[in-house]
Amino acid sequence: MKRLVSIFLAIALLQGVFMAVQSQEIIDPIDRVVNAGLMNKNASGNFHAQGLVSRADLAVILVKTFGLERRKTAQKPDRELPDVPKSYWAYSAIQTVLKTGTMSGYRDGMFFPNQRVTRAEALAIFAQAYGVFQFPDSSISEILAKYPDAGEIPNWARKSLATALYEGFVNVDLATNKINPLKPMSRGDIAYALSKYLERQVRPTSLPVPDEEPPNRGMGR
């Protein structure tokens, strides 16, 4: 009798785990990231998934998601930014991403906070904050070869995009299997990446090995 009870308990436990996994999978990506406090809807309850992501938006999202302010390098003195005064709404986040090397400024100390980012830029920077996998060049080429427009990815972003694709952070076009790296990054795009990242925290599948130093493109990132 005790054996039967143990079997029933084991079955119930497995069913509970299965149902928990199922419920995790059917949560809408936008609802997941909003509930996690990583992005917001407006006062009317609209998320505006088609809205475009600026460099300032991305900085704020990255700091919230990865707790960049807790990193040792975030304690460095603030930088002088001609186009980001202390009164700017995203000043603290922009300072944090610069000091941690997650994003870079442009020449003459500019950040261009309102500049829109492409999907390649945003996803590569996201992967930098997450931890870029140290894939050999052959593995990077193998991962990217699956996508017909991979040739449009800037050279500096190839390793980072390979990490983002490998981890499932990229909402690839289901009809064409394209990455669309040069298209503007939308709020829906970044919400998808954030949702997949949150799933990784619940069900980790791999361990990232971060770069010691992010790549320096000179013209900003």
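Values reported hereafter were calculated over all heavy atoms of this structure, with side chains retained and with hydrogens, waters and symmetry mates removed. We number each residue from 1, following the sequence as shown.
- Proximity of a side-chain donor or acceptor of Asp108 to a complementary backbone N or O of Met110 within less than 3.5 Å is not detected.
- When side chains are defined from C-beta on, Lys178 does not count as touching Val172, because their heavy atoms never get closer than 4.5 Å.
- Counting only residues at least two apart or in different chains, side-chain hydrogen bond (donor to acceptor under 3.5 Å, both in side chains) contacts with residues 57-69 comprise Ser54-Asp57.
- Judged by distance alone, the side chain of Gln134 and the main-chain N or O of Val132 form a donor-acceptor pair under 3.5 Å.
- When every heavy atom of Leu68 is checked against every heavy atom of Ala74, the shortest pair comes out as O-CB, 3.5 Å.
- Considering all non-hydrogen atoms of both residues, Gly188 and Phe47 come closest at N-CE2, 4.3 Å.
- Considering CD of Gln128 and OG of Ser160, their distance stands at 4.0 Å, rounded to 0.5 Å.
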Item to complete: Carefully, step by step, assess Ile143 and Lys159 under the rule side chain to side chain contact (heavy atoms under 4.5 Å, CB included).
Response: CA-CA 10 Å; Ile143 291 170; Lys159 183 186 288 188; over 6 Å; no
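- In this structure, a donor-acceptor pair under 3.5 Å is present between the side chains of Ser195 and Arg32.
- Contacts of Asn46 classified as side-chain contact (heavy atoms from CB on, under 4.5 Å), with partners at least two apart in sequence or in another chain: Asn42, Ser44, His48.
- Ile190 contributes atom CD1, which lies 12.5 Å from atom CG of Leu52 (distance to the nearest 0.5 angstrom).
- Using modelled atom types, no side-chain atom of Thr102 and backbone atom of Leu98 make a donor-acceptor pair closer than 3.5 Å.
- Between Lys41 and Asp31, some side-chain heavy-atom pair lies under the 4.5 Å cut-off.
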Discussion item. Walk me through whether Met185 and Glu121 qualify under side chain to side chain contact (heavy atoms under 4.5 Å, CB included).
Written reply: CA-CA 8 Å; Met185 188 74 169; Glu121 289 171 333; over 6 Å; no
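- Panel note: side chain Arg200, backbone Glu167; a donor-acceptor pair is recorded below 3.5 Å.
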Discussion item. If you apply the rule side chain to side chain contact (heavy atoms under 4.5 Å, CB included), what do you find for Leu182 with Arg119, and how did you get there?
Written reply: CA-CA 6 Å; Leu182 302 183; Arg119 282 168 55 85; over 6 Å; no
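- In this structure, the separation between CG on Leu161 and CD1 on Ile153 is 4.0 Å, given to the nearest 0.5 Å.
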Worksheet item: Please walk me through it: do Lys183 and Thr118 pass side chain to side chain contact (heavy atoms under 4.5 Å, CB included)?
Response: CA-CA 5 Å; Lys183 285 188 175 182; Thr118 65; over 6 Å; no
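- Residues passing the ring pair (Phe, Tyr, Trp, His ring centres under 6.0 Å) test with Phe169, sequence neighbours excluded: Phe126, Tyr130.
- In this structure, the side chains of Val53 and Arg116 stay at 4.5 Å or more apart for every pair of heavy atoms.
- Identified under the salt bridge (Lys or Arg N to Asp or Glu O under 4.0 Å) test for residues 132-154, with sequence neighbours left out: none.
- Here the CG-CD1 distance, from Leu165 to Ile140, works out to 11.5 Å after rounding to the nearest 0.5 Å.
- Gln201 places a side-chain N or O within 3.5 Å of a backbone atom of Tyr197 that can act as its donor or acceptor partner.
- Every side-chain contact (heavy atoms from CB on, under 4.5 Å) that Tyr192 has, sequence neighbours left out, goes to Asn171, Lys196.
- Both tests pass for Arg55 against the ring of Phe111: distance under 6.0 Å to the centre and angle within 45° of the axis.
- Summarising the geometry of Val117 relative to Ala122, their closest heavy-atom pair is CG2-CB, 3.9 Å, with the distance given to 0.1 Å.
- For the atom pair Leu62 CG and Leu38 CG, the distance stands at 10.5 Å (nearest 0.5 Å).
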Identify every side-chain donor-acceptor pair in residues 88-95 under 3.5 Å, counting partners at least two apart or on other chains, and give the distances.
| residue | atom | partner | partner atom | Å |
| --- | --- | --- | --- | --- |
| Tyr88 | OH | Asn114 | OD1 | 3.1 |
| Tyr91 | OH | Asp78 | OD2 | 3.0 |
| Gln95 | OE1 | Arg79 | N | 2.7 |
| Gln95 | NE2 | Arg79 | O | 2.8 |

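- Counted by atom type alone, Tyr106 and Gln115 present one or more donor-acceptor pairs between their side chains at under 3.5 Å.
- Taking every heavy atom of both residues into account, Asp83 and Gly109 meet most closely at OD1-O, 4.4 Å.
- To the nearest 0.5 Å, atoms CZ (Phe135) and OG (Ser141) are separated by 12.0 Å.
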